[in-house]
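Okay, structure first, notes after.
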Amino acid sequence: MDYFQRPYLLLLLIPIIIVLIYQWKTNPYGPISFVQSDRFKEHQLSIWLGFKKYFYILNEILIYLAMISLVFASAGPGAKYNLMPDNTKGVDIMIALDISGSMINSYDFLPKNRLSVSKDLLRAFIQKRIYDRIGIVVFAGAAYLQSPLSSDRTALDELIEDTSNEDIEEQGTAIGDALVLSTYRLKNSEAKSKLIILLTDGVSNTGKLDPETAAYTSKSLGIKVYCIGIGKEEGQYEVNYESLQKISSDTSGKFFRAESPEVLGEVLNEIDRLEVVELPSKPLEIQETKFPSFVFFVFVFLFLNLILKIYPLKEKL
């Protein structure tokens, strides 16, 4: 039991407790605790007087327990169970984010730079994918795993928010390394769909592996690559949209150009629509009511109270 539908009704316990304390202090054994009767035989009377006060206390406790159970039942007690969707029905996504110097020093996404805009829109994208596991790879002159596949939206959001170009010392743009690292993190996935979102504004000019070989590895494992080229071709930094388009085409993904923050937002929304996930067959949260159990105890306590009241009467006949 971890919640109440009407928790304010629990306030009714306060007057019950007050009356219980008052009654115990003023007359703990009842108003007729020591009343004697000529109808009792001598030996029955001595036994009766010895146990009468305990019968009274137990009877009173049962009444209060019945009232307390009734208050709990009225408050609508229950339990909540969270059921996570089956991972095989979801999508596993690795986000490969370029954090090289050109993402910081560009001028075509003013008033923010390309990296800041990308981070804001990726955070919004992650919050939409509630049924998926998402991982993060950041790269510049080298590629590093920022987060493995995870369903923790809060942690992923914080990781992206804190990402900066200072996280990687190596200069350049190692697209091939970012692709192969993302592919490695997806290779054992049993998800319905596996994909990489590669977000970069530059030409691959360093790294241990070229993008074409890395893309072939992704393709062989059934992983789609959605490439997003950020920035304008006539900007101050060189871009190679043809290479990115080939990577997406070879892996059955799709290539997008994002020449402004608005277009980048539309691109991520389109990817969200393209990768539609089958809804889980079970609800994410189910609620179980405990109301019948407390009502049952109300009748049990009242029944026992009635039995204890009848029993002494039979003893004195």
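We number each residue from 1, following the sequence as shown. Small disclaimer: the values here were computed from a predicted structure and weren't measured.
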Just one of Val295, Leu10, Val298 clears the side-chain contact (heavy atoms from CB on, under 4.5 Å) bar with Phe72, so which one?
Leu10
Smallest heavy-atom separation, Asp132 atom then Arg153 atom, equals O-NH2, 2.6 Å
May I ask you to decide if Leu209's main-chain N or O and Thr213's side chain share a donor-acceptor pair within less than 3.5 Å?
no
Minimum side-chain heavy-atom gap Leu149-Ile93 below 4.5 Å
no
Say you draw a straight line from CD of Gln127 to CZ of Arg123; how long is it, rounded to the nearest 0.5 Å?
8.5 Å
With sequence neighbours left out, which residue pairs that include part of residues 215-227 fulfil the side-chain hydrogen bond (donor to acceptor under 3.5 Å, both in side chains) condition?
Thr183-Ser218, Lys224-Glu275, Tyr226-Glu275
What are the two closest heavy atoms between Arg133 and Ser189, and how far apart are they?
NH2-OG, 4.2 Å
side-chain contact (heavy atoms from CB on, under 4.5 Å) with Leu115: which of Asp98, Leu97, Asp201?
Leu97
Shortest non-hydrogen contact from Phe139 toward Thr173:
CE1-CG2, 3.8 Å
Quick one: does Asn105's side chain have a donor or acceptor within less than 3.5 Å of a partner on Gly101's backbone?
yes
Tightest non-hydrogen contact, residues Leu221 and Lys194, listed as O-NZ, 3.3 Å
Here the pair of heavy atoms bringing Arg185 nearest to Pro148 is NH2-CB, 3.6 Å
Look at the side chain of Thr251 and the backbone N and O of Ser248, then say whether any donor-acceptor pair between them is shorter than 3.5 Å.
yes
Centres of the Phe255 and Tyr241 rings: under 6.0 Å?
yes
Assess the residue pair Asp120 and Lys112 against the criterion (salt bridge (Lys or Arg N to Asp or Glu O under 4.0 Å)); give the C-alpha distance rounded to whole Å, side-chain angles, the decisive distance to 0.1 Å, and a yes or no.
CA-CA 11 Å; Asp120 292 342; Lys112 295 183 178 181; 2.7 Å; yes
Step through the shown structure and confirm whether more than 12 heavy atoms of other residues, nucleotides or ligands are within 6.0 Å of NZ on Lys128.
yes
Specify the closest pair of heavy atoms between Cys227 and Ile247, including all atoms of both residues, with the distance to one decimal.
SG-CG2, 3.8 Å
Distance in Å, Ile223 CD1 paired with Asp92 CG, rounded so as to fall on 0.5 Å steps:
9.5 Å
Just checking Phe297: does its CZ atom have more than 12 heavy atoms from other residues, nucleotides or ligands closer to it than 6.0 angstrom?
no
Side-chain heavy-atom pair Ile95, Ile126 within 4.5 angstrom cut-off:
yes
Between the side chains of Asp157 and Thr154, is a donor N or O closer than 3.5 angstrom to an acceptor N or O?
no
Is there a donor-acceptor contact under 3.5 Å linking the side chains of Gln171 and Ser100?
no
Taking the side chain as C-beta and beyond, is there a heavy-atom pair between Thr163 and Ile136 under 4.5 Å?
no
